[in-house]
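Chain identifiers are assigned alphabetically (A, B, ...) following the order of the sequence lines, protein sequences preceding nucleic acid strands; residue numbering begins at 1 within each chain. Reckoned from all heavy atoms, side chains included, excluding hydrogens, waters and symmetry mates.
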2 protein chains.
Amino acid sequence: MEQDQTPSEKPGHPPAQAILHELQTAKNSAAHLLPKLQSIKESNPRLMLLDVGAGSGTISVSFAKLIPSGHVTSINLSPNILPRARAVAEMAGVKNIEFQPVSVYKLPFADETFDITFCHQVLVHIGTPWDALREMLRVTKRGGIVAAREGDYETECVWPKLPELCNFHKLMAGFMSAGGGTPTAGRQLLSWALKVGVERSQITLGYSTSSYNTPSDRKTCCRFQFSTLLLVAAIMALMAVFSLAQGLCDQLRGGSLREKALKFGLGTKNDFEEMAKAWEEWAKRDDASLAMLHGEILVQK
Amino acid sequence: MEQDQTPSEKPGHPPAQAILHELQTAKNSAAHLLPKLQSIKESNPRLMLLDVGAGSGTISVSFAKLIPSGHVTSINLSPNILPRARAVAEMAGVKNIEFQPVSVYKLPFADETFDITFCHQVLVHIGTPWDALREMLRVTKRGGIVAAREGDYETECVWPKLPELCNFHKLMAGFMSAGGGTPTAGRQLLSWALKVGVERSQITLGYSTSSYNTPSDRKTCCRFQFSTLLLVAAIMALMAVFSLAQGLCDQLRGGSLREKALKFGLGTKNDFEEMAKAWEEWAKRDDASLAMLHGEILVQK
C-alpha cells in the first residue's frame, strides 16, 4: 500500500496512549545512548541533537535539559502533535529546542549536521526503516552517533495469559504488519544498519525492557487498551482528566484503529469487546504483568 | 511424573552450557538485588546469604566477594557440580562460602536464618516452584529479602528467524515442560509469590534481558546449542579447552537431553541435525542476535 510507505510515528494512537508516551524521557527511553551523549557533551557542550519522531515531545525536552548549551531539533511527520510538544517544552522552561513537521525519509538538513541522531519507536511503524536509517546517518557528523530503540512485539509477555489477551497481542502485531510496520523491529535493527552499509564493528546492539506491573501501571495500560477499542466517551474523559487538548488530535486516530482492523479482517466487533473485558479483568488482578523487549543500537559514524 | 517434582537446577546441561553459566556473576544475574544487598550490608556487614542452585558457583562466589564480612551458603540438589563450585571459590581466594548438596524443597536450615535468599534460573526448571519459594521465605529473617531471577522462554527472540531456530525454540520449551518445568516462569514469579501468601505490597517485580549479539557471544552460544545436540567429541574438546574436568559430570546430562527429547517425541534425529546446522549458519552471520526476557522479583519479608 502506497500510504504505508509514509512514516507516521504515532499511527492510530489514541489520547490514552499519548499519556503513556508522555511518561517517556531520555532516561527511560534512551538509556543506552546517555553515556555516549555525556562523553560527546564533555568534548563539545554545544552539540546538536536530532530527535526523530517528536510525539508529545517529552523525550526531546529531556534531551534538551541534558544538553543546556547544545540544541535539540525534534521532528514529526504529522504537524498535529507539535503544538502539544511545544507546550511540553514551554512548561519545562526549555528554550534550546525546535520542533519541525518533517519526514524522516527526506530530512531537510545538510550532510553531517548533527552530533547525535536518535529515534524511539519510529522504525517499527514504517515501511522501509533502512531508508530512514540511511537519512539519519547522512545528517550525522563523522564521529557522531546514530541511536535507535524499537520494540519487538513478538516478545510481548503477559500474565495471566487470558486467551483474549493473546488474541489482542496477535491483533496488534497483525495491525502493525498490515500498516506496513515490522512487529519484530527490535531484533532487526542490526540487520537494517548493516543493510545501509554500516560495518558490524561500528554497531553496538543491546536489549532493554518495558513493563507494566504495579497497580497504577496496569490501570493506565488498561485505559489505553480499552480506549484503543473505541470508547469515544472514555477518550474525551481522558482528554479532560489529562488536559491533553488540541495537540492530541493526531492521536485521535485511535478511533480509526478499530475501523482499520475490521477492514483488514483482523477481528470482529465482538472479538474487540471480549478483549476489552479481558483487559479490565487483567487490570484488577494482583498477579497481572505485561512486559516487552526493545532492541537498541548505537552506530558510531 | 514423580521425578519431575524433584528440583534439578541444571537439568541436562552439557559442559558447553556450563561455560555460559560460568560467565554469570551477581552483577549480571542479580542486578535487581544489589542495591538492597548493599543497604542490608551497611546495617549488618556480617549478613548471611543463601544462594539456591549453586551450579558452578560463579554467582555465589561473586556474592561472597561483595560481602567480605558476611557469609554465603550455596546449595545444589546434585552434589556432582559442587567440586567445580568449590574450585571456583578457591581460585577466587574466597573463604566466606560453603557449598552443600541440598534440595530447595527441604532446606536444612532453621526458620529465619538468612538475611538474603536468592535463586537464579532454578524455579523455571522445577515442578512446584511455589513450594521452593515457601521454603526460601521460611529460612529468611523478618526484614530480609527473597530474590529470584528466572527466564521466560516464550520471549526468546532470534534473528535471522531461520525456521530451524524457531523449531529449536519450541523444542526447548517443550523439553522444559515435559521435564516438569515452566517455560514462562519469568512472567509467573509474581503469581507464585502471591500463591504462598506474600502480600502484593511486599513484592517488587521487574524484567531484564540476556542476549548474545557480538561475534564472540554467538560462537559461544553456537557451541552450546551444537553440543546440546550431542557431539561428544566437541564436548570433550570443550572440556579440554576450558578444563572443566570432573566437576562437570553433572552437566554431561547434555547427552541425555537429546535422548529424552526423542523419547518425549519432541523431534527426530534429522530435526536435531537441521537445528545444529542452522545454529552454525546463524553464528556466521553479522546480523545474528538472540535475546530473552527474565522476570525478577524481590520479596521484602
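Nearest heavy atoms, A:Glu281 versus A:Leu162: CG-CD1, 4.3 Å.
A:Lys141 places none of its side-chain heavy atoms less than 4.5 Å from the side chain of A:Lys301. Between A:Met176 and A:Tyr153, the closest side-chain pair of non-hydrogen atoms falls below 4.5 Å. Contact check for B:Leu33 versus B:Phe63: side-chain heavy atoms found under the 4.5 Å cut-off.
Of the possible polar contacts, none joining the B:Lys36 side chain to the B:Ile145 backbone as a donor-acceptor pair under 3.5 Å is found.
With a threshold of 4.5 angstrom between heavy atoms, A:Lys161 approaches chain B through side-chain atoms but not through N, CA, C or O. Both the backbone and the side chain of A:Leu205 come within contact range of chain B, judged by heavy atoms closer than 4.5 Å. Proximity to chain A (any heavy atom under 4.5 Å) is shown, for B:Ser210, by neither the backbone nor the side chain.
Chain B forms more heavy-atom pairs under 4.5 Å with one residue of A:Thr155, A:Ile203, A:Thr209 than with any other, namely A:Thr209. Of the listed residues (B:Ser191, B:Pro160, B:Ser208, B:Cys157), the greatest number of heavy-atom pairs within a distance under 4.5 Å of chain A belongs to B:Cys157. Among A:Leu189, A:Asp152, A:Leu293, A:Thr204, the residue making the largest number of heavy-atom pairs under 4.5 Å with chain B is A:Leu293.
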